[in-house]
Structures are given as C-alpha cells and as structure tokens.
Peer 1: 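Structure provided below as structure tokens; questions to follow.
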Amino acid sequence: MADTATLFQALAPLVDREVVEEVGSIYQFDVMDENGDVEFWTLDLQNGDGAIVAAAASECRAGAVIGARFELSDRTLGQLFRGEVDPMASILFGRLRFTGSKRKAAKIQMLFNKIPPSKPTVLAVSQRGLGGLLADLVGVGRVGSYRDGFAGVEHAKYFGRFLDMVPEFLTSQDTNRLTVVFFALSGIDLLGKLDETLDAAAKQTIVDWIYSLQVHKYPDGSDSHGLGFRGGTHLGNPFSCCSPRSDDASMPRADTGAGSDVIVGDGGHLAMSYTGLACLAILGDDLGRVDRAGMARSLRHFQQADGSFTSTVCEGETDMRFLYCACCVAHMLHDWSGIDVAAATQFVIRSFNYDGGIGQMPGLESHGGSTFCGLASLCLMGTLDAALSGETRGKVLHWLASRQIGKGGGFQGRPHKAIDTCYSFWVGSSIHLMGHAGMADATANRAFLMTTQNDRGGGFAKWPNTMSDPLHAYMGISGLSLQREPGLKAVHPALNFSCEAAARIAPAVWPKYIFAVSAVGLMVALHIWRPSHR
C-alpha cells in the first residue's frame with residue numbers, strides 16, 4: 001500500500017497543535033488492498049501536537065475513542081483523494097463505509113484546508129479531491145467555506161441516486177420507500193430536471209411500481225381494511241402491477257382481479273396514499289388506474305370519533321399529520337365523501353394552544369410541523385376563515401413570526417430549539433398560507449440554508465456540518481422555492497409538490513388562500529417525521 005502511505009505521510013507536516021485545538025478528535029481509516037489485507041491509519045487530532053500513524057490491528061491505540069471511522073479499499077482511497085470518483089456515490093454503492101460522529105467527521109476538513117495551493121506533486125494532485133472530501137463523504141457542506149450559490153445540478157444528481165437504490169442509512173425506512181421516492185421525484189421536478197433525469201420508459205417503470213402498491217377492496221367489496229397505498233414491497237406484493245402474486249401459496253390473500261392482490265391483514269397508509277398520488281401526478285399519470293371512488297369513501301375508516309385520523313385502520317398513529325394526509329388525498333381525488341369536514345375542522349380548532357401554535361392533538365405542545373398540517377388542512381377544507389377569529393389569527397401570526405431567530409436567520413420548530421432546515425419550509429409555508437409572506441426575512445433564511453447545503457455532493461442537512469438526507473434536502477429546496485429562488489418551480493402551498501403537477505389532477509377546488517401566494521414551497525415529512533423532531 002505504498003500509494004496509501006504516500007498520501008497520508010504527505011499530510012503529516014500539516015498536523016500541529018493549532019489543528020488539534022480546532023478539531024479535537026481521532027479518526028481512523030481502515031484501508032483494504034486487493035488481497036484483503038487491511039492497514040489501519042489513525043489521524044490523532046486530539047492529543048498533544050497530533051499525529052498520523054499506521055499500525056496493525058493489534059497495535060491500534062488501546063482505549064482510544066474514535067470520532068469517525070472510514071472503511072474503504074486502497075484503490076477507492078486514491079481515487080477519492082485525486083478527485084476521480086464522486087464521494088457520495090462511493091457511499092451509496094458501498095465502496096466506502098462510514099461510522100461515528102458526523103459532526104466530528106466534518107471537522108477534519110480543518111486539516112485539509114491547510115493544504116497550500118503551491119504544494120508539489122502528491123498534495124497538488126490530492127488537493128482536488130481533499131478540499132472538502134471528508135465533508136462530502138458524510139454529506140455536509142464545506143466547513144467555513146460554503147458556496148453562496150444554489151447548487152441545483154448537484155441536488156438533482158443527489159435526488160436521482162435515491163431512485164436507483166436505497167442507501168444503507170435508509171434501510172430502516174424500507175416500509176416508507178414510497179415517501180423517499182416522493183422526496184426524490186418532487187425534488188427533481190421542482191428543480192425542473194425531471195425529463196433530463198428520467199426518460200419515458202423510466203417514468204413508466206416507476207408509475208407501474210407505484211400502482212403495484214395500491215391496496216384494493218376484498219372480493220366481497222369490503223374496504224374496512226383501508227384502501228390506498230402501502231409504502232413498499234416489504235410484504236411481498238408483486239413489483240409488476242400487471243400480474244397478481246402467485247409464488248407464495250402459504251400467504252393468505254384475496255385476488256381482486258384488479259391487478260394486485262390484497263394480502264390479509266394488509267391495508268393502506270394515509271401518508272403513503274398521499275405520496276403515491278403525488279408521485280403519479282408528478283410523473284404525468286392521469287390516475288386512471290386509481291380506485292378513486294373507493295379510496296375516497298374508504299377515508300371514513302381512518303377518521304376517528306374526535307375528527308382526527310389514524311395512519312392505518314389497524315392500530316395506526318393518530319395525530320395532525322394524518323388529518324393533513326387525508327385532506328390532501330380527498331382534494332387530489334376531488335371527493336370529500338369520506339371525510340366529516342366539520343368534525344375534522346373542530347379537531348384542528350381544539351388543537352390550537354394559548355400561544356397561537358397548533359399541537360399534534362389537543363393539549364400537546366405547539367410545533368411548527370403540526371401548525372403547518374393544521375393550517376394547510378383548514379385551507380384545503382375551505383374552513384380557515386371560520387376557524388380563525390381575529391384574536392386567534394393574531395396569535396398564530398405572532399407565534400409563527402417568533403420562530404425565525406435573528407442569530408442565524410433560520411426557523412426553529414419550537415421555542416428554545418435550534419434552527420433547522422425543515423422549518424424554513426413548515427413555518428415559512430404557514431406564514432404564506434396566512435397571507436403574510438412578507439413577514440419573514442427571506443435574505444436571512446437563505447443565508448442559513450446555504451450553510452446546510454452540500455454544494456458538492458448535493459442535498460441539504462438538518463443543521464450545518466451534518467449529513468444530508470432526502471427529507472431535509474427536499475425541505476431545503478421547497479423553502480427556497482417559497483422565497484422565489486431563481487430556477488425553481490413554484491410548489492402548491494398546501495399539497496406540497498409543484499403547482500404544475502397539482503393543476504393536472506386537482507384543478508377544480510383552489511382555496512382563495514392559494515391565490516394570495518405566489519411562488520411558494522412547503523413540505524411535511526409525514527410518516528418519517530415524529531412529534532419529537534426538533
């Protein structure tokens with residue numbers, strides 16, 4: 001591994017006490033050669049004057065706390081250092097594995113920033129890949145040197161990767177795969193690059209996959225299991241929407257003859273029904289294969305006695321998120337027959353708090369996400385004016401305006417919490433829906449969003465110097481669309497995807513609040529978002 005040693009040894013002169021004081025962490029690279037032998041390189045940027053040491057496994061520092069560990073081949077290491085391969089692609093395709101603290105991993109960039117442009121040979125070649133390399137590897141922007149411009153091309157590539165595969169860090173979200181696909185498709189659409197990214201055949205493949213997730217009625221016409229869409233193929237339903245499942249006779253199922261089996265115990269999920277319909281609209285499908293009437297009427301099985309909605313008919317979560325999803329589904333289907341609008345409106349009204357925010361349910365803490373869900377639902381139902389008295393309206397606006405923090409410029413979800421990319425979206429869109437778009441400081445918010453943007457690997461992170469993820473990447477895009485970022489399409493302020501796609505499937509009923517807003521963006525993380533989300 002002579003080349004590996006040359007690369008690390010060339011960095012040694014840059015390690016000093018100043019770097020140690022700035023970084024304060026230990027890093028380990030486990031580098032494997034073509035024979036399967038592993039060499040361990042430790043970058044000690046925590047103790048004394050720091051050190052870069054190669055050692056066998058038995059000689060690794062005993063008891064040392066590793067801030068971040070990287071596992072890769074010597075070939076991949078060289079390619080990354082020379083800038084020959086895309087760092088994020090290396091992670092997604094399994095060529096590099098990362099464990100440990102994302103924040104600490106990003107801080108190693110402080111060492112690489114010390115590489116002078118005039119360094120000869122090895123460092124001159126390496127600098128192309130080293131500048132921002134480790135930050136890119138964990139999906140964060142460059143520490144202390146982010147680009148002010150919007151990285152639209154990189155974001156489109158970032159979203160495109162999630163249409164090809166689910167990376168390891170998202171395997172726990174396999175049951176929510178349809179929502180991940182929604183983030184990717186809608187993000188690419190808002191960037192205006194859908195046709196560049198997907199040809200007609202690729203779009204049709206995704207459309208067919210989505211229809212394979214549709215849950216149909218039982219043969220006797222029953223819909224008590226809840227119609228709609230499931231989140232993925234984790235139950236073994238067929239990938240193709242054209243042929244019923246037949247390879248597992250032991251699984252109880254009912255063939256509906258409609259192109260997909262109903263697996264006994266299976267049922268639709270409101271968040272997946274929302275994202276499924278949205279994805280079909282984005283892809284230009286006419287919803288011709290959707291059981292529109294059945295799905296709309298089936299919403300009554302999700303609505304509870306207090307007016308709220310549960311995510312699934314069988315023991316699902318019940319809160320403001322799923323009332324919002326139900327309203328979006330009814331709006332997109334042009335059919336509100338399955339929703340008791342009066343009861344749903346009263347549930348939102350009872351969830352208003354004394355401070356002006358809306359909780360997940362009555363009596364729960366006000367939160368930026370649930371406030372958006374409540375206000376957007378009232379807009380879609382056409383009951384916002386009736387629900388907000390003059391005093392309540394003033395409290396809501398005051399609570400929303402108080403979520404933008406002067407130091408940092410971004411929005412927080414609750415008082416005394418850190419500002420976060422997603423609330424540029426949830427809180428910002430709520431302000432727009434209330435008809436006061438000019439109340440927010442768009443310039444300050446954009447400056448914050450640029451610190452969470454990964455301008456090399458694409459995407460946005462929750463906070464600066466942390467890992468990008470599809471949820472926050474989409475919310476960052478939508479938050480900028482709210483502020484009319486050049487090059488972005490406008491998003492529908494309540495349905496959470498482009499107005500262009502929304503007009504194709506739901507042109508009939510547009511609340512007047514929507515016309516009061518120009519180019520806006522809003523996003524709900526839906527099933528992935530939890531009430532504890534900061």
Side-chain angles (χ1 to χ4, degrees), residues 152 155-156 159-160 162-163 178-200 202-211 213-214 228-229 270-290 292 295-296 324-335 372 376 379-380 425 429 432-433 470-471 473-482 484-485 487-511 513-515 517-526:
H155 297 320
F159 285 125
F162 292 97
L163 297 178
L178 187 52
T179 295
V180 177
V181 170
F182 166 74
F183 292 147
L185 284 177
S186 194
I188 294 170
D189 182 42
L190 288 177
L191 289 162
K193 298 184 181 296
L194 193 62
D195 291 337
E196 295 178 28
T197 305
L198 300 172
D199 59 21
K203 290 179 183 178
Q204 190 59 50
T205 297
I206 299 175
V207 166
D208 288 343
W209 175 74
I210 294 171
Y211 274 116
L213 303 178
Q214 186 174 191
F229 289 87
L270 279 181
M272 305 309 148
S273 297
Y274 159 60
T275 54
L277 292 173
C279 286
L280 291 174
I282 292 165
L283 292 168
D285 186 75
D286 63 0
L287 308 188
R289 285 182 276 171
V290 173
R292 301 172 71 108
M295 188 183 297
Y324 166 74
C325 292
C327 289
C328 288
V329 169
H331 184 85
M332 286 188 280
L333 295 176
H334 300 198
D335 189 339
F372 162 74
C379 284
L380 290 171
F425 192 65
S429 61
H432 279 257
L433 290 172
L471 185 157
Y474 184 75
M475 288 187 282
I477 298 292
S478 298
L480 288 169
S481 179
L482 273 169
R484 306 185 187 185
E485 181 73 21
L488 291 180
K489 292 182 181 180
V491 296
H492 190 293
L495 291 180
N496 172 28
F497 51 91
S498 71
C499 290
E500 178 183 292
R504 287 196 292 265
I505 63 167
V509 182
W510 292 71
Y513 313 102
I514 293 175
F515 287 113
V517 185
S518 52
V520 297
L522 40 95
M523 176 54 206
V524 163
L526 303 173

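Remember, predicted model here, so these are calculated numbers, not experimental data.
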Peer 1: Do Thr275 and Phe229 pass the side chain to side chain contact (heavy atoms under 4.5 Å, CB included) test, and can you show the C-alpha distance, the side-chain angles, and the key distance before you say yes or no?
Peer 2: CA-CA 9 Å; Thr275 54; Phe229 289 87; over 6 Å; no
Peer 1: If we ignore hydrogens and angles and just use 3.5 Å, is the side chain of Ser481 paired with the main-chain N or O of Ile477 as donor and acceptor?
Peer 2: no
Peer 1: To the nearest 0.5 angstrom, please state how far the CG atom of Asp285 sits from the SG atom of Cys279.
Peer 2: 11.0 Å
Peer 1: Find out whether Leu191 and Thr197 are in side-chain contact, i.e. whether some heavy atom of one side chain is under 4.5 Å from a heavy atom of the other.
Peer 2: no
Peer 1: Please report the shortest heavy-atom distance between Gly187 and Tyr474, naming the atom on each side.
Peer 2: N-CE1, 3.4 Å
Peer 1: Work out which heavy atom in Gly228 is nearest to a heavy atom in Ser273; give both atom names and the distance.
Peer 2: CA-OG, 3.2 Å
Peer 1: Quick one: closest heavy-atom pair of Ala490 and Leu190, and the distance?
Peer 2: O-CD2, 4.2 Å
Peer 1: Measure the shortest side-chain to side-chain distance between Trp209 and Leu178 over non-hydrogen atoms and say whether it is less than 4.5 angstrom.
Peer 2: yes
Peer 1: Does this structure show an ion pair linking Asp195 with Lys203, if we count only N-O contacts that are shorter than 4.0 Å?
Peer 2: yes
Peer 1: Kindly give the heavy-atom pair with the smallest separation between Cys325 and Ala271, and that separation in Å.
Peer 2: SG-CA, 3.7 Å
Peer 1: In sequence, state the C-alpha distance, the side-chain angles, and the governing distance for Leu333 and Val290, and then conclude on side chain to side chain contact (heavy atoms under 4.5 Å, CB included).
Peer 2: CA-CA 9 Å; Leu333 295 176; Val290 173; 4.2 Å; yes
Peer 1: Look at the aromatic rings of Tyr274 and Phe182 and report parallel, tilted or perpendicular, splitting at 30° and 60°.
Peer 2: tilted
Peer 1: Rounded to the nearest 0.5 Å, what separation is found between the CZ atom of Arg504 and the OG atom of Ser498?
Peer 2: 6.5 Å
Peer 1: As an exercise, state the distance from CE of Met332 to CZ of Arg292, rounded to the nearest 0.5 Å.
Peer 2: 10.5 Å
Peer 1: So, Gln214 side chain and Arg289 main chain: donor-acceptor pair closer than 3.5 Å or not?
Peer 2: yes
Peer 1: Do His432 and Leu482 have side chains that get closer than 4.5 Å, going by heavy atoms?
Peer 2: yes
Peer 1: Could you go through Asn496 and Val491, starting from their C-alpha distance and side-chain angles, then the distance that decides it, and tell me whether this counts as side chain to side chain contact (heavy atoms under 4.5 Å, CB included)?
Peer 2: CA-CA 6 Å; Asn496 172 28; Val491 296; over 6 Å; no
Peer 1: Is there a donor-acceptor contact under 3.5 Å from the side chain of Tyr324 to the main chain of Ala494?
Peer 2: yes
Peer 1: Spell out, as yes or no, whether a donor-acceptor pair under 3.5 Å connects the side chain of His334 to the backbone of Ile505.
Peer 2: yes
Peer 1: Is the shortest heavy-atom distance from the side chain of Ile188 to the side chain of Leu198 under 4.5 Å?
Peer 2: no
Peer 1: Just verifying a value: how many Å separate Glu500 CD and Leu194 CG, rounded to the nearest 0.5 Å?
Peer 2: 9.0 Å
Peer 1: Of all the heavy-atom pairs spanning Val329 and Leu270, show the shortest one and how long it is.
Peer 2: CG2-O, 4.5 Å
Peer 1: Measure across Ala502 and His492 and return the closest heavy-atom pair with its distance rounded to 0.1 Å.
Peer 2: CB-CD2, 3.8 Å
Peer 1: Measure the shortest side-chain to side-chain distance between Leu185 and Phe159 over non-hydrogen atoms and say whether it is less than 4.5 angstrom.
Peer 2: no
Peer 1: Any non-hydrogen side-chain atom of Phe497 less than 4.5 Å from a side-chain atom of Asp189?
Peer 2: no
